[in-house]
Amino acid sequence: MDASRAAVAPKQEIRLADYQPPAFSIDTVDLNFDLHDESAIVTATSRLTRQHGTGTLILDGGPYMTLKSIAVDGKPLGGNEYTLGAETLTIHAVPDRFTLEIVTELSPKENTRLEGLYFSGGNFCTQCEAEGFRHITYYPDRPDVLARYTVRIQADKARYPTLLSNGNPGETGDLPDGRHFAEWHDPHPKPSYLFAMVAGKLGRLSDSFTTCSGREIALNIFAAEGDLGKCDYAMASLKRSMAWDEDTFGLEYDLDVYNIVAVSDFNMGAMENKGLNIFNTKYVLASKETATDADFDHVEGVIGHEYFHNWTGNRVTCRDWFQLSLKEGLTVFRDQEFSSDMTSRAVKRLDDVRALRMMQFPEDGGPLAHPVRPERYIEINNFYTATVYNKGAEVIRMMHRLIGPDAFRHGMDLYFQRHDGQAVTCEDFTCAMEDASGVDLKQFRLWYSQAGTPALVITREREGGDLILHVEQSCAPTPGQPEKKNLHMPLLVGLVAKDGSELRADVSGTGEWTDDGCLLQVIDARQSYRFKNVPEGTVPSLLRGFTAPVTMRHDLTSEELAFLVQHDGDAFARWEAAQYMYGDFLLACARGAGKAEAPPHEIAETFKSLLSDTEVDEALLAELLALPSEISLGQRMDVLLPDEIHRVREGLASHFAHENADAVRARYAELSGASYDLDQTSKARRRLRNVLLKYLAYLPDAEALVCGHLEQADNMTDRMAALVIIAASDFPARDEMLAAFYNTWQRDDLVVDKWFAVQGQSSRPDAVEAVQQLMQHPAFKVANPNRLRSLISSFAMLNQVRFHTVDGAGYRLLADTIAHVDKINPQTAARLVAPLGRWRRLPEARQALMKAALEGLLAQVESADVRELVEKSLS
Ligand code: B3K
Ligand code: ZN
């Protein structure tokens, strides 16, 4: 059509304060997809009703589609009746109620951005959240416009036998020229970001679930035919999720079918489109041969997460994208609880806290810090962050703790009663919790608006027989928020008596004993809690269960930490004590204060006694024996010294291995030879055995042992434990082992990803060159997000010592890769930027090198996605 296009303007910042309700509501949308190999013709017919204002209708749209025609109430519009801008379509005069028909043409095969309609593995699929629908048709592409969708898909029957969309299936049939069609109707009004469509040749695994009210739901997982054998675990997880949501929150599924499609080119983990989830293969496919125990857990967690969105996200959705944590934080909390119930609550909590510290704390402490409910953005895709997701989940968890599980459940019920079918805000959720519990959450709400990780300093004082805990909170400034207010947070503590038993003492002020400890309410900048008559030698166990997402400093001695490692009744606090015990020593060594790498007596003895501990759960024991990661040690330094950390940590691990060689060998041998199972006990044994393997790798006979571990393994967990060690080693057989692994698994994409990842993470001094060479490997596909991340993210985000190589080569490698990927897939490119923003914490020379890499990147960047993050990172 001959309408003129306005020049492309730089993207405008969007602000929460500017929110305006939509001018038009939409009752129904009929979408017709006419799919061909090289193009797709989309006809969108919507019924619109004016809500306020007069005159024009402004629709969102993007540069990657061609507008073929527009008609209002059946009358085609001429070029002077609308204006086609770079990102909008404005229709100048429309009635208050009308039918709008828009025809667009798309080129899915050219779409490497993987948003909107694209092609993956020979199949058409869509990704619309957050703003992909505007690349399919012109539409008010915002989450507060909810409409009922009917979809008709037409395509070649032989090449695209499977045609799927949201909701329940309708009519199907044949068409001339070997084509066919299928119709789908979704009775639940939904925002455009939840729309999905898939057309392709896919295998199907089917099952069913009977809901609590007796309705039978058809469940299907669609994947490449050859992958169907790896879908059973995902299907079982789906059924467990459905049952769990009924049992835990009284939430029943609401359509006749639940479809999941696995695709291999996907920007993130999965997408909760109503009734038609689209998943990254990484979170669907799992077999003992190809998936590690952690992979199985991730599959279950993500299957659960997307399923739980059906209520928290789909039935009740977000008013605007600033409210993203309304659905994401809450749904992460729900999937964490689900996984805790399915696996081990204690170990799940450690894993979640570790992930929070690894991904979210650096975000909160750096140039990209933003509140759980951000106030401004340029590109919303940059805000699908660990802060919105994981810290958002911690905020929900704190509410759960502060008001208690019964009131929380009541609050959820109230939230659904009030808001089912609506697009709402984080404030609406908080109000429901407040009304259900009667607890005042006024000060608590600051967790949504204030960025930064609060720091607690806890010190002790003795007065008579009493123990007083002084708790101070503070929070460093973050971009745009120089002054911080005090937050309201729950702080769970315990008292461990000299004989290792739990002690309860009367507590003054805002403290209350519960089943798992004493819950202190922290409100002020400085508060003191007095525990009456606490015998000498009692050790406080602090921040049990990690009840608030904070950093903590305390005055516990190394001996007291060693005592807690052995006696604390709270698994999280026990692990934390071990992390501090090892960490304090390692950091002192790294800073050069203590030259000796032999640890003090209490640490050596604790490690030794853990090795022969048969009481503690083996998964937890594995974690108690493992040294803090180089990254977590680095986070505790004001100025990061990557080489020193690497040296001292390797030194201590080697020391432990040599000092305890017989005990480690014996325990490892005891755990060997068990047949494979996926139950918790077997997973725990593998976890422990593989931690012990790491220690054995420091001993003289390591190569034979580690290679034997790999060759004899009957599952991927054990294979990977050995391969990580081999990739980082200078074993003579290293290259041969890596090559053999590749040859065996080269046809399995997800395993090949692992092969790239272990090499990206290798701490060998030649890591940068190795990564560069691997980028030339025929199996390295820069346009496939999984493959790209397997090598590049594992290098830049997990390989602290080599990413920060002293000549800055690691920074340049990352910046060059981002610049290249930016032209292919801006969203995925943007997700690689964060490590380059952490220069403030580096020694001076490396600061300059990292900034230079960022500046070089800025000069080449094309997308608003990457530009927003690079500019913030430099500021
Ligand atoms: N809601 C999606 C994420 C969409 C990301 C868009 N850039 C998956 C999830 O959180 O469940
Ligand atoms: Zn989600």
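Ligands are counted one by one from 1 in listed order, and the atoms in each one are counted from 1 as well.
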Are Tyr283 and Phe296 close enough, and set up right, to give a ring-ring contact (aromatic ring centres under 6.0 Å, His included), and what steps lead you there? CA-CA 8 Å; Tyr283 297 107; Phe296 276 99; over 10 Å; no

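- Ring to ring, Phe266 and Phe279 are not that close: their centroids are 6.0 angstrom or more apart.
- Atoms of ligand 1 found under 4.0 Å from any heavy atom of His309, numbered from 1 in the order shown, are 9 (C), 10 (O), 11 (O).
- Geometrically, Lys109 engages Phe119 in a cation-pi contact, judged by NZ or CZ lying under 6.0 Å from the ring centre and within 45° of the ring axis.
- Residue contact annotation: Glu328 places an N/O/S atom under 2.8 Å from the Zn ion (ligand 2).
- Atoms NE2 of His305 and NE2 of His309, as seen from the Zn ion (ligand 2), are separated by an angle of 100°, to the nearest 10°.
- Residues Asp749 and Arg787 are paired through a salt bridge, judged by an N-O separation under 4.0 Å between the basic side chain and the carboxylate.
- What sits closest to atom 10 (O) of ligand 1 on the protein, heavy atoms only, is Tyr389 OH, 2.5 Å.
- Those atoms of ligand 1 that come under 4.0 Å of a heavy atom in Gln827, given as number and element, are 7 (N).
- Applying the 4.0 Å criterion to heavy atoms of Glu272 picks out, from ligand 1, the atoms 1 (N), 2 (C), 8 (C), 9 (C), 11 (O).
- Under 4.0 Å is where a charged nitrogen must lie from a carboxylate oxygen, and between Lys327 and Glu272 at least one such pair does.
- Distance from atom 8 (C) of ligand 1 to its nearest protein heavy atom, with residue and atom name: Ala270 O, 2.9 Å.
- The closest approach between a heavy atom of Glu115 and any atom of ligand 1 is not below 4.0 Å.
- Interface atoms of ligand 1 facing Met271, defined by a heavy-atom separation under 4.0 Å, are 1 (N), 2 (C).
- The nearest protein atom to atom 7 (N) of ligand 1, hydrogens excluded, is given as Asn381 OD1, 2.8 Å; this is a heavy-atom distance.
- Checked by distance only, ligand 1 and Tyr384 stay at 3.5 Å or farther apart across all their nitrogen or oxygen atoms.
- Annotation for Arg831: atom CZ does not count as buried by contact number, only 12 or fewer foreign heavy atoms lying within 6.0 Å.
- For ligand 1, one of its N or O atoms has an N or O atom of Glu328 under 3.5 Å away.
- Aromatic ring centroids of Tyr193 and Trp321 lie under 6.0 Å apart.
- Residues Glu328 and Lys391 are not paired through a salt bridge, judged by the lack of any N-O separation under 4.0 Å between the basic side chain and the carboxylate.
- At the top of the distance list for atom 6 (C) of ligand 1, counting protein heavy atoms only, stands Glu129 O, 3.2 Å.
- The distance from ligand 1 to the heavy atoms of Lys327 drops below 4.0 Å at these ligand atoms: 1 (N).
- Note on residues 187-199: pairs passing salt bridge (Lys or Arg N to Asp or Glu O under 4.0 Å), not counting sequence neighbours, are Asp186-Lys190.
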